[in-house]
Amino acid sequence: MSTLLELHNVTKRFGPVEVLKGVSFSLEAGEILGLLGDNGAGKSTLMKIITGIYSLEGGEIIFSGKPIPYPQHNPREARALGIEMIYQDLALAKQQDVAANIFLGQEPTYRFLGFWPMIDKAKMETAAQAAIARLGARIPSVKYPVGQLSGGQQQSVAIARALTFNPKLVIMDEPTAALAVREVEHVLDLARELKRQGISVILISHRLPDVFAVSDRIIVLRQGTVVADEHTAQTSMNNVVAHIVGAH
Amino acid sequence: MQTPLTSRVFSGLNVRLESVLVLLGLALAMAIFAPDFLSLSNFLNILLATAVIGVLAIAATFVLCAAGLDLSLGSVLAVAGVVSGVLCVNLGLPWFLGLLGGLLAGGLLGAVNGLLIARAGIPAFIVTLGMLSVARGLALIISDGKPVYGLPPVITFLGQGRFLGVPMPVWIFLALVVVFHLILSRTRFGRYTLVIGDNEMAARVTGIDVPAHKIRLYVLSGTLAGLAGLLFAARVNAADPTAGVSYELSAITAAVIGGTNLFGGRGTVIGTLIGALIMGILQNGLNLMAVPSFYQQVAIGTILVLAVWLDRVRDRRRV
Ligand SMILES: Nc1ncnc2c1ncn2[C@@H]1O[C@H](COP(=O)(O)OP(=O)(O)O)[C@@H](O)[C@H]1O
Ligand SMILES: [Mg+2]
């Protein structure tokens, strides 16, 4: 296995609040990493630094052997590198249809009248349909506004968007929080499938059994620092919970 | 869950069925009750009277779709008019420099709006309210408070000339409607405009440069206001620094009646055309029936509120 992602001493503050106080860890290609921690531990912030929503203050992040250039790094660059994230609030445009959301920022185009690039709706809808079908999700039509779909269906749209352009790393921030049991199983199966394809996954979840079921390794973040970095097979839920609440 | 009737019937154009019905109903009522309403020349009159506000309404549609606001449209219109008037008449420059100068002035003021909103983070309401006043002042300063008369013939042709019997402003307005309808509904630029208004975070995380896009939108808005200013000056053969007062409100009204979501994420230019025509037909028909203009204002305000109320009812039903 080769190392895909390395974080060295990453720090970040929002005004006076030091949210990340020197975070270091690494992630292998095809590895599923469970990222755990209490609310406000800094998990989402750390992931948003990787995807270029925020810059970092100190430290370094290396992806595929190359340092990510902060502060120029941005979501477009992250996607070009093969980093995709399913955001905690899904970050979907609710009045736009399913196809539009899946291809957001990467719409296929054709040249209208030979010179004017226009969105190729037919191609986009076919591909969106296929992407949804691959996930085994059921959505009445890719022409539906996303806001009219159920929580689970919206989740599928967010996942489909993350998988459409062959990512190397997929970050899932609380992907199962709003889902029914059957849908949770789907997401976990998906994480395993990505691993099988050699894609790395960072899974953030409050549901410990889910994380234990799929992850190779577990990292616990507490008040902006890594307090545990253990192989899933060599730790226990009790141990992890103790780290999360700071009982160690 | 069922597809709303509107999107089944007009999915190709994305136009609200209600707007079309109101437009047709209104036209029918006027045809019955207003003498001389039903004639080609009156129809062209309506389009001519709608053209200037209509161009502004296209600008308003784009900005509103992105959850923005441009209150400076009417004032920027005046600046563009007097800039081209001063360039052509007072400085004696050729007509094309006058046109270019007017458009550039509009685009420049739009750029100032955009930079203050997207880079400095000042709310669009405040920035463009400020610009409403600043641009009006600039128009008065540039023209020394007086209208500039005697525009070059090429420019007045754009306002008063006809091609195939149809007034030039109508050609220009309808061409802009087609082009900008396609831009908003079929291009990435239009898609990103809607997404920014729908959920700015969704735009950001998918790599859309949101501040740059907003700046482009306000430049577009200012440039269209500039074009409207040129058309207006050309039509009345005078660049008047007091032209276009409160036109931005009519433009926003047309866009909202046409189905643009005031809070962003939804809207079409064809819808806005229908909204502008509803207002134009109402005014024209009531004029023909010799109803005083006070009543027209009551009618337009009522339709605006009804349009938004209809939207609310439908959105609630959907969920
Ligand atoms: N944009 C922001 N501005 C200011 N503070 C923020 C911002 N985002 C997150 N925070 C703060 O950073 C801390 C970590 O938040 P977050 O990364 O969302 O934690 P987690 O995802 O682990 O629950 C919290 O105290 C939160 O209030
Ligand atoms: Mg979080």
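Side chains of A:Ile119 and B:Thr187 form no contact here, defined as non-hydrogen atoms less than 4.5 Å apart. For the pair A:Asn101/B:Val195, no side-chain contact is recorded, criterion being any heavy-atom separation below 4.5 Å from C-beta on. Considering only heavy atoms from C-beta on, B:Tyr192 comes within 4.5 Å of A:Glu107 through its side chain. Two residues are said to be in side-chain contact when any heavy atoms from C-beta on lie closer than 4.5 Å; A:Lys94 and B:Asp198 meet this criterion.
Around CZ of A:Phe14, the count of heavy atoms belonging to other residues, nucleotides or ligands within 6.0 Å exceeds 12. The 12-atom threshold is not exceeded at CZ of B:Phe125, counting heavy atoms of other residues, nucleotides or ligands nearer than 6.0 Å. Summarising the local packing, OH of A:Tyr110 is surrounded by more than 12 heavy atoms from other residues, nucleotides or ligands at distances under 6.0 Å. Within 6.0 Å of atom CZ in B:Arg119, more than 12 heavy atoms from other residues, nucleotides or ligands are found, so the atom counts as buried in its surroundings.
Interface remark: A:Leu92 contributes backbone atoms only to the contact with chain B (heavy atom separation under 4.5 Å). The part of A:Gln106 that comes within reach of chain B is its backbone (N, CA, C, O), which places non-hydrogen atoms under 4.5 angstrom from that chain.
Taking all atoms of both residues into account, the shortest heavy-atom contact from A:Arg161 to B:Val205 is NH2-CG2, 3.9 Å. The two atoms that bring B:Ala202 and A:Ala93 nearest to each other are CB-N, 3.9 Å, heavy atoms only. Here the closest non-hydrogen pair linking A:Trp116 and B:Ile183 is CZ2-CG1, 3.4 Å.
A:Gln95 contributes atom CD, which lies 9.0 Å from atom SG of B:Cys65 (distance to the nearest 0.5 angstrom). Separating the OG1 atom in A:Thr51 from the CZ atom in B:Arg204 is a distance of 9.0 Å, to the nearest 0.5 Å. To the nearest 0.5 Å, atoms CZ (B:Arg188) and CZ (A:Phe103) are separated by 11.0 Å.
Considering only heavy-atom pairs separated by less than 4.5 Å from chain A, the leading option among B:Arg191, B:Glu200, B:Met201 is B:Arg191. Comparing B:Gly197, B:Gly207, B:Gly264 by how many heavy-atom pairs each has under 4.5 Å with chain A, the most go to B:Gly207.
Side chain of A:Arg79 to backbone of B:Thr206: a donor-acceptor contact under 3.5 angstrom is found. Looking at A:Arg76, its side chain never comes within 3.5 Å of a backbone N or O of B:Asp209 through a donor-acceptor pair.
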